[in-house]
Amino acid sequence: MEEMKQDQKTIGPLPGCQLEEALALVWDVFSTFESEELSQEALDEFWSRIDYEYMLQRAGDGDIRFWGAWDGDYLVGVCAMRGLDHILLLYVDGEYHRQGVASNLLKHAIIDCRSIDPSIRRITVNATPYSRGFFLKQGFRATAAERQEDGLTVIPMALEALD
């Protein structure tokens with residue numbers, strides 16, 4: 001799909017050569033905004049989930065798709081979908097929060113996934129307590145109670161009836 005521009009920010013598929021940079025951005029944002037009260041087990045679990053070799057393999061197999069948001073040449077946001085209907089990662093550099101970057105990344109990823117499979121009617125995410133408010137504003141609703149997964153707190157959510 002063609003890249004979309006928002007002001008001077010470009011949003012589009014993430015080139016494989018930027019995967020390592022993208023995962024570093026994810027870790028930096030996670031460390032800054034979500035890690036403060038987490039156990040070492042939870043930090044280790046998150047780190048293992050964004051392992052470069054693991055993600056490279058899954059992206060190569062087509063199991064995970066990545067999108068990026070750039071301000072010029074600077075990568076400012078990352079979205080990753082597992083399959084075509086589950087948000088695995090959605091992280092934006094703190095200096096770009098509340099500027100529509102995450103919303104536009106999410107919209108672009110959903111449009112791309114639905115262009116591959118127009119029958120998709122539901123997108124899911126395991127939101128963190130930090131991201132819950134963002135996903136609620138995007139129209140997601142909790143589908144189950146908050147729970148612990150390997151030391152990480154997640155809230156299963158879904159965006160239903162996509163049109």
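We count residues from 1, following the sequence as given.
For Arg121 (side chain) and Pro118 (main-chain N/O), a donor-acceptor pair under 3.5 Å exists by modelled atom type. Panel note: side chain Ser131, backbone Thr128; a donor-acceptor pair is recorded below 3.5 Å. Judged purely by atom type and a 3.5 angstrom limit, Ser31 uses its side chain to pair as donor or acceptor with the backbone of Trp27. Without hydrogens or angle criteria, Thr10 side chain to Trp70 main chain gives no donor-acceptor distance under 3.5 Å.
Of all non-hydrogen atoms in Gly77 and Leu105, the two that sit nearest each other are C-CD1, 3.6 Å. Contact detail for Gly151 and Ala42: the closest heavy-atom pair is O-CB, 3.3 Å. Considering all non-hydrogen atoms of both residues, Asp112 and Pro13 come closest at OD2-CG, 4.4 Å. Shown here for Ala145 and Pro156, the closest heavy-atom pair between the two residues is O-CD, 3.6 Å. The heavy-atom pair separating His108 from Gly12 by the smallest distance is NE2-CA, 3.8 Å.
The aromatic rings of His97 and Phe33 are tilted relative to each other, their planes meeting at an angle between 30° and 60°. In this structure, Tyr96 and Tyr74 have tilted ring planes: the angle between them lies in the 30° to 60° band.
The ring-ring contact (aromatic ring centres under 6.0 Å, His included) check on Phe66 picks up nothing, with sequence neighbours excluded. Evaluation of the side-chain hydrogen bond (donor to acceptor under 3.5 Å, both in side chains) rule for Ser39 yields no partner, not counting sequence neighbours. With sequence neighbours left out, the side-chain hydrogen bond (donor to acceptor under 3.5 Å, both in side chains) criterion links Glu20 to no other residue. Gln148 meets the side-chain hydrogen bond (donor to acceptor under 3.5 Å, both in side chains) test with Thr153; sequence neighbours excluded. Considering only residues two or more places apart in sequence or on other chains, Arg82 meets the salt bridge (Lys or Arg N to Asp or Glu O under 4.0 Å) condition with none of them. Residues satisfying the side-chain hydrogen bond (donor to acceptor under 3.5 Å, both in side chains) test with Arg65, not counting sequence neighbours, are none.
Met81 is listed as a side-chain neighbour of Ile123, based on a closest heavy-atom distance under 4.5 Å. At a threshold of 4.5 Å between non-hydrogen side-chain atoms, the residues Leu25 and Asp93 count as touching. Using a 4.5 Å heavy-atom threshold, the side chains of Asp63 and Gln57 count as separate. Contact annotation: the side chain of Phe30 never approaches that of Arg49 to less than 4.5 Å [non-hydrogen atoms, C-beta and beyond]. Counting only heavy atoms from C-beta outward, the side chains of Ile155 and Arg147 never approach each other to under 4.5 Å.
Here the straight-line distance linking atom CD1 of Ile111 with atom CD1 of Ile116 works out to 12.5 Å at 0.5 Å rounding. Within the model, atoms CG of Leu90 and CG of Leu106 stand 6.0 Å from one another, a figure rounded to the nearest 0.5 Å. Rounding to the nearest 0.5 angstrom, the gap separating the CD1 atom in Ile50 from the CE atom in Met55 is 7.0 Å. Annotation: the span from Leu23 atom CG to Glu21 atom CD amounts to 10.5 Å, rounded to 0.5 Å. Taken from CZ in Arg58 to CG in Asp51, the straight-line distance is 12.0 Å, to the nearest 0.5 Å. We find the CG-CG distance between Leu43 and Leu38 to be 5.5 Å, quoted to the nearest 0.5 Å.
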Self-check item: Criterion side chain to side chain contact (heavy atoms under 4.5 Å, CB included) on Leu136 and Arg141, from CA distance to verdict
Solution: CA-CA 6 Å; Leu136 286 170; Arg141 296 291 171 249; 3.5 Å; yes
Quiz prompt | Worked verdict on Val125 versus Phe134 for side chain to side chain contact (heavy atoms under 4.5 Å, CB included) | solution = CA-CA 12 Å; Val125 65; Phe134 167 80; over 6 Å; no
Self-check item: CA sep, side-chain torsions, deciding dist, call: Cys113, Ile120, side chain to side chain contact (heavy atoms under 4.5 Å, CB included)
Solution: CA-CA 8 Å; Cys113 289; Ile120 293 171; 4.3 Å; yes
Quiz item: Is there a side chain to side chain contact (heavy atoms under 4.5 Å, CB included) between Thr143 and Arg122 once you walk through the steps?
Solution: CA-CA 12 Å; Thr143 57; Arg122 183 175 198 252; 3.5 Å; yes
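Note on Ile64 and Val154: separate hydrophobic clusters, where clusters join Ile, Leu, Val, Met, Phe, Trp and Tyr whose side-chain heavy atoms are under 4.5 Å apart, directly or indirectly.
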